[in-house]
Amino acid sequence: MSMNNKGIWGIVICVLWTLTGCRKEISEQLQGKWQLKTVEQSGRVTNVDTVWYNFQSESLFMYQVYRAESDVFIHQYGYKTESDANTIRLELTSYPRPVDDFLSVTDWEERAHTFTVEKINAQQLILRRDDKTYCFIKF
């Protein structure tokens, strides 16, 4: 193997290691409970304080909603997958109820959504999907 090939392979390995490290870092930072505070769409900001995204382990996800009119919390379980260093896909399962029954209390139209992680640190998570920006705080 020539010196040029070794250099190229070294660069490829460093890039792959960096991308894998970033994805793991995002997954680790997502761990825990995040409270949705605002949703921005077309320049309009809506305050929210009744929705939580819960990330457990590498792949488990729970969407939780507080229903003030009945003073109850409802939730739906699902999975999280990461396709690259700053993209996550959240998919709800039909547990503990059919997904379609749960979607009516959310702004989701389908059981699965892909989000771009715009920012994540110990206190704040910002996700973007289409023209909506979701701002969370660590709960």
Side-chain angles (χ1 to χ4, degrees):
M1 189 180 283
S2 72
M3 188 61 154
N4 240 0
N5 285 342
K6 286 181 183 178
I8 290 171
W9 279 109
I11 292 170
V12 168
I13 290 170
C14 285
V15 168
L16 290 174
W17 180 76
T18 301
L19 291 176
T20 304
C22 290
R23 182 165 49 214
K24 186 174 183 182
E25 182 178 310
I26 286 175
S27 188
E28 288 173 0
Q29 288 181 308
L30 280 174
Q31 295 288 322
K33 188 172 197 160
W34 295 90
Q35 183 178 22
L36 182 61
K37 297 305 284 180
T38 62
V39 177
E40 182 179 345
Q41 183 177 23
S42 304
R44 183 171 164 239
V45 176
T46 304
N47 291 319
V48 181
D49 65 355
T50 58
V51 172
W52 292 265
Y53 285 11
N54 302 274
F55 298 95
Q56 306 161 20
S57 75
E58 288 289 316
S59 62
L60 297 179
F61 167 70
M62 182 177 71
Y63 191 134
Q64 187 176 25
V65 178
Y66 174 68
R67 305 288 310 259
E69 67 279 359
S70 54
D71 193 31
V72 297
F73 286 90
I74 61 171
H75 62 275
Q76 198 76 14
Y77 292 105
Y79 296 98
K80 172 189 65 75
T81 55
E82 299 173 31
S83 56
D84 61 40
N86 61 347
T87 304
I88 61 172
R89 183 174 192 270
L90 303 177
E91 182 172 354
L92 297 171
T93 63
S94 286
Y95 184 79
R97 69 193 49 76
V99 172
D100 290 338
D101 293 350
F102 185 75
L103 291 178
S104 66
V105 300
T106 74
D107 72 336
W108 290 24
E109 304 84 28
E110 301 169 343
R111 74 173 41 236
H113 286 288
T114 300
F115 296 89
T116 300
V117 179
E118 291 196 342
K119 180 179 181 180
I120 186 167
N121 60 37
Q123 297 89 26
Q124 187 178 36
L125 170 64
I126 300 176
L127 300 177
R128 175 177 283 284
R129 179 177 61 87
D130 300 326
D131 64 339
K132 290 185 180 179
T133 301
Y134 300 82
C135 295
F136 296 82
I137 61 167
K138 189 74 170 217
F139 192 75

Handout entry: Ring center gap for Tyr53 and Phe61 short of 6.0 angstrom
Key = yes
Handout entry: Pairwise distance CD(Glu28) to CD1(Ile26) - rounded to 0.5 angstrom
Key = 11.0 Å
Problem - Apart from Phe139 itself, residues in the same hydrophobic cluster as defined by side-chain heavy atoms under 4.5 Å - result: Trp52, Tyr66, Phe73
Handout entry: Centroid-centroid under 6.0 Å between Phe115 and Tyr134 rings
Key = yes
Handout entry: Heavy-atom donor-acceptor pair, Lys80 side chain to Glu58 backbone, under 3.5 Å
Key = yes
Exercise for the section: Quick one: sort the Tyr63 and Trp108 rings into parallel, tilted or perpendicular, breaks at 30° and 60°. Expected result: perpendicular
Exercise for the section: Determine yes or no for a side-chain-to-main-chain donor-acceptor pair under 3.5 angstrom, with Gln123 supplying the side chain and Ile137 the backbone. Expected result: no
Problem - Atom pair CD/OG of Gln31 and Ser57 - distance to nearest 0.5 Å - result: 6.5 Å
Practice task
Go through the steps for Thr93 and Val99 under the test side-chain contact (heavy atoms from CB on, under 4.5 Å), then give the verdict.
Solution key: CA-CA 6 Å; Thr93 63; Val99 172; 5.5 Å; no
Completion exercise
The reported gap from NZ in Lys37 to CG in Asn47 (rounded to nearest 0.5 angstrom) is 8.0 Å
Practice task
Report the C-alpha separation of Ile126 and Thr133 in whole Å, then their side-chain angles, then the decisive distance to 0.1 Å, and conclude whether the side-chain contact (heavy atoms from CB on, under 4.5 Å) test is met.
Solution key: CA-CA 7 Å; Ile126 300 176; Thr133 301; 3.5 Å; yes
Handout entry: Arg111 bridged to Asp100 by N-O distance under 4.0 Å
Key = no
Handout entry: Sub-4.5 Å side-chain heavy-atom contact between Val117 and Leu125
Key = yes
Exercise for the section: Taking Asp84 for its side chain and Asn86 for its backbone only, find out whether a donor-acceptor pair lies under 3.5 Å. Expected result: yes
Exercise for the section: Check whether Phe55 and Tyr77 end up in the same hydrophobic cluster, where Ile, Leu, Val, Met, Phe, Trp and Tyr are linked by side-chain heavy atoms less than 4.5 Å apart. Expected result: no
Practice task
Quick one: do Leu90 and His113 satisfy side-chain contact (heavy atoms from CB on, under 4.5 Å)? Show the steps, please.
Solution key: CA-CA 5 Å; Leu90 303 177; His113 286 288; 5.6 Å; no
Exercise for the section: Check the pair Thr46 / Thr38 against side-chain contact (heavy atoms from CB on, under 4.5 Å), numbers first and verdict last. Expected result: CA-CA 5 Å; Thr46 304; Thr38 62; over 6 Å; no
Problem - Whether Gln35 side chain and Phe136 backbone form a donor-acceptor pair below 3.5 Å - result: no
Problem - Contacts of Arg89 that satisfy salt bridge (charged side-chain N to carboxylate O under 4.0 Å, His left out) - sequence neighbours left out - result: Glu91
Problem - Inter-residue atom distance Thr106.OG1 - Ile74.CD1, 0.5 Å rounding - result: 9.0 Å
Problem - Verdict with supporting geometry, Lys138 and Gln124, side-chain hydrogen bond (donor to acceptor under 3.5 Å, both in side chains) - result: CA-CA 6 Å; Lys138 189 74 170 217; Gln124 187 178 36; over 6 Å; no
Practice task
Go through the structure and list residues passing salt bridge (charged side-chain N to carboxylate O under 4.0 Å, His left out) with Asp101, not counting sequence neighbours.
Solution key: none
Problem - pair Val39-Arg44: side-chain heavy atoms closer than 4.5 Å - result: no
Exercise for the section: State plainly whether one hydrophobic cluster holds both Met62 and Val48, where clusters connect Ile, Leu, Val, Met, Phe, Trp and Tyr through side-chain heavy atoms under 4.5 angstrom apart. Expected result: no
Handout entry: Closest heavy-atom pair and its distance - Trp34, Asn121
Key = CH2-O, 3.4 Å
Exercise for the section: Tell me who clusters with Leu60, hydrophobic residues only, linked when side chains sit under 4.5 Å apart either directly or through other members. Expected result: Tyr79
Completion exercise
Excluding Val45, membership of its hydrophobic cluster (Ile, Leu, Val, Met, Phe, Trp, Tyr; side-chain heavy atoms within less than 4.5 Å) reads none
Practice task
Using salt bridge (charged side-chain N to carboxylate O under 4.0 Å, His left out) as the criterion, list what pairs up with Glu69, not counting sequence neighbours.
Solution key: Arg67
Handout entry: Arg129 with Glu118: basic N within carboxylate O range, under 4.0 Å
Key = no
Handout entry: Close side-chain approach of Cys135 and Leu36, heavy atoms under 4.5 Å
Key = no
Problem - Between CG on residue Leu103 and CD on residue Glu110, distance to nearest 0.5 Å - result: 9.0 Å
Fill in the blank from the handout: Per side chain to side chain donor-acceptor pair (under 3.5 Å), Gln64 is matched among Lys33, Gln76, His75 by Lys33
